[in-house]
2 protein chains.
Amino acid sequence: MATARRRDAAATRAAILQAGIDAFTRHGFDGIGVREIAQAAGVSAMLVNRYFGNKEGLFAEVVEVSMTDRTVLTGDPATLARDIAAALVRRTAPDADDLSPFLLMLRSASNQRAAEILRAGIEKHVEAHVYDVAPQTRGTGRAALVLSVIAGFWLQRKVIGSTALEAADEEELAGTLRRLFEVLLP
Amino acid sequence: MATARRRDAAATRAAILQAGIDAFTRHGFDGIGVREIAQAAGVSAMLVNRYFGNKEGLFAEVVEVSMTDRTVLTGDPATLARDIAAALVRRTAPDADDLSPFLLMLRSASNQRAAEILRAGIEKHVEAHVYDVAPQTRGTGRAALVLSVIAGFWLQRKVIGSTALEAADEEELAGTLRRLFEVLLP
DNA sequence: ACGGTAAGTCTACAACCGTATACATAGGAG
DNA sequence: CTCCTATGTATACGGTTGTAGACTTACCGT
């Protein structure tokens with residue numbers, strides 16, 4: 001935000017956090033510098049360290065926020081697989097610009113410290129959310145497999161940019177994905 | 001190789017290439033420097049540039065090599081899904097140290113230039129290989145989905161380090177994965 | 001034996017990184 | 001109004017990165 005902001009600690013902290021979500025999701029932990037994040041938030045680079053300790057501290061809070069209050073899937077077991085598949089295809093559409101926590105994970109996982117933070121966040125929030133809507137997967141590893149399929153699809157379609165997935169018919173794609181989730185969420 | 005190698009262009013080039021495969025697969029394109037790669041190959045850093053142009057040139061050749069001559073899956077359609085599932089679980093076992101092209105992809109995809117090189121390599125070699133053993137997937141996007149599932153599983157189990165997938169029973173895991181591949185490779 | 005060339009190294013540079021320290025100022029409390 | 005502190009900036013430093021250019025040396029053909 002270039003418009004001069006009044007001195008407001010909470011607001012600038014929030015602006016830095018939002019800029020961090022954007023930047024880390026688009027470029028990954030190692031792909032962006034604190035100077036660029038600060039510039040996007042309209043502040044000086046050192047404010048990142050003042051409010052979040054250091055770059056890693058900001059990343060940890062970005063993960064925490066990005067993994068929580070996210071699109072909550074309907075808890076209806078009858079349509080769960082179909083709903084996940086439809087949302088996945090829609091949110092990874094070629095013209096969509098979705099800041100998904102899966103993109104955050106995919107683009108930052110190569111850094112080992114970041115991977116550890118991501119693992120904790122995923123298990124605490126995302127995987128736990130799968131257990132909420134599909135309790136029968138507890139202890140089977142199938143909840144983690146659901147996340148694997150989602151992450152893999154996001155990787156191929158939006159990070160790698162598979163031309164096969166770009167050309168594929170979206171309805172057929174959603175149908176196939178739905179059958180995959182039906183295997184994992186019976 | 002610390003032992004003084006005789007001056008042999010082909011051998012040193014191969015040593016650098018192998019060091020590059022190791023390094024890029026373990027740390028990703030942005031996670032390793034040319035100095036470290038050269039040191040692992042027992043040569044000076046500038047030889048990387050002499051033989052491969054620059055870091056990106058080495059990465060491109062690493063992708064090319066890593067995506068080809070790899071474990072060739074049996075072409076038997078009857079056991080294909082089961083074979084892929086079994087190989088996947090085995091090669092991602094917690095104590096396994098497998099330099100898979102999927103790890104190369106997962107750890108380097110955050111870099112945009114690297115992602116483009118990876119996409120080309122995948123479509124040229126890996127995806128084409130799926131078409132060879134399962135021609136019925138051509139044009140459906142299901143071959144790309146097979147790669148998505150494999151990549152997603154490798155990500156969760158070896159890059160992120162999901163504790164749920166570490167604790168899960170390997171036979172049950174292989175069975176579930178097999179049913180996923182049966183959906184994609186009918 | 002010996003020179004030419006391929007093979008390899010050394011040094012250096014400009015750019016960038018994360019962050020510590022010192023400094024400036026807005027704005028509310030008294 | 002005045003001062004104190006929270007808020008924000010400027011500068012700088014040590015380290016690392018990719019790679020360009022000049023330099024050395026081993027080896028092979030003659």
Side-chain angles (χ1 to χ4, degrees), chain A residues 1-20 23-24 26-63 107-108 110-117, chain B residues 1-20 23-24 26-63 107-108 110-117:
Chain A
M1 310 302 152
T3 67
R5 183 176 31 246
R6 281 176 51 92
R7 289 201 170 186
D8 182 342
T12 33
R13 204 192 126 97
I16 294 171
L17 187 56
Q18 185 56 49
F24 285 139
R26 291 189 197 282
H27 308 105
F29 183 79
D30 287 328
I32 199 76
V34 290
R35 285 174 177 81
E36 298 177 75
I37 296 175
Q39 187 175 11
V43 298
S44 172
M46 281 313 296
L47 273 200
V48 172
N49 285 26
R50 186 190 288 282
Y51 282 116
F52 299 93
N54 53 25
K55 188 187 184 185
E56 189 177 312
L58 172 61
F59 181 76
E61 198 143 331
V62 163
V63 169
R107 295 210 169 103
S108 300
S110 52
N111 183 293
Q112 218 162 341
R113 299 281 305 117
E116 175 61 26
I117 294 170
Chain B
M1 314 285 169
T3 67
R5 182 176 33 246
R6 282 175 49 92
R7 289 200 170 186
D8 182 342
T12 38
R13 204 191 124 98
I16 294 171
L17 186 56
Q18 185 56 47
F24 285 139
R26 291 188 198 282
H27 308 105
F29 182 79
D30 287 328
I32 198 78
V34 290
R35 284 173 177 82
E36 299 177 73
I37 296 174
Q39 185 176 8
V43 298
S44 172
M46 281 313 297
L47 272 200
V48 173
N49 285 23
R50 185 190 288 282
Y51 282 116
F52 299 93
N54 52 25
K55 188 187 183 185
E56 189 177 312
L58 172 60
F59 182 77
E61 198 142 333
V62 163
V63 169
R107 294 210 169 103
S108 300
S110 52
N111 183 294
Q112 218 162 339
R113 299 282 305 117
E116 175 60 26
I117 295 170

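So that the names make sense, note that chain A is the first sequence line, chain B the second, and so on, each numbered from 1.
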Toward the 5' end of DNA chain D, by each residue's nearest nucleotide, A:R35 or A:S44: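 The answer here is A:S44.
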
Sugar-phosphate, base or nothing in reach of A:I32, heavy atoms under 4.0 Å: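 Sugar-phosphate, no base atom in range.
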
Rounded distance in Å - [atom1] ([X]) to [atom2] ([N]):
| X | N | atom1 | atom2 | value |
| --- | --- | --- | --- | --- |
| B:F59 | D:dG18 | CZ | C1' | 16 Å |
| A:E36 | C:dG18 | CD | C1' | 13 Å |
| A:D30 | D:dT16 | CG | P | 15 Å |
| A:I16 | C:dT19 | CD1 | P | 14 Å |
| B:Q39 | D:dT16 | CD | C1' | 14 Å |
| B:D8 | D:dC27 | CG | P | 11 Å |
| B:R113 | D:dT17 | CZ | P | 21 Å |

Ring geometry between B:F24 and B:F59 (parallel below 30°, tilted from 30 to 60°, perpendicular above 60°):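 Aromatic pair B:F59/B:F24 classed perpendicular.
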
side-chain hydrogen bond (donor to acceptor under 3.5 Å, both in side chains) partners of A:R113, counting only residues at least two apart: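 A:E56.
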
For the [atom1] atom of [X] and the [atom2] atom of [Y], what is their distance to the nearest 0.5 Å?
| X | Y | atom1 | atom2 | result |
| --- | --- | --- | --- | --- |
| B:E61 | B:I16 | CD | CD1 | 10.5 Å |
| B:H27 | A:D30 | NE2 | CG | 12.0 Å |
| A:L58 | A:R13 | CG | CZ | 9.0 Å |
| B:S110 | A:R26 | OG | CZ | 15.5 Å |
| A:L47 | A:I37 | CG | CD1 | 13.0 Å |

Exam field: side chain A:K55 to backbone A:V48, donor-acceptor pair closer than 3.5 Å: no

Could you run down the sub-3.5 Å N/O contacts of the protein with nucleotides 25-29 of chain C?
| residue | atom | partner | partner atom | Å |
| --- | --- | --- | --- | --- |
| C:dT25 | O2 | A:R7 | NH1 | 3.1 |
| C:dT25 | O2 | A:R7 | NH2 | 3.4 |
| C:dG28 | OP1 | A:R6 | NH2 | 3.2 |

From CA spacing to verdict: side-chain contact (heavy atoms from CB on, under 4.5 Å), A:L17, A:Y51: CA-CA 10 Å; A:L17 187 56; A:Y51 282 116; over 6 Å; no

Those residues of residues 45-56 of chain A lying under 4.0 Å from DNA chain D by at least one heavy atom: A:M46, A:L47, A:R50, A:Y51

Phosphate-side-chain proximity, A:T12 and D:dT7, N/O vs OP1/OP2 below 4.0 Å: no

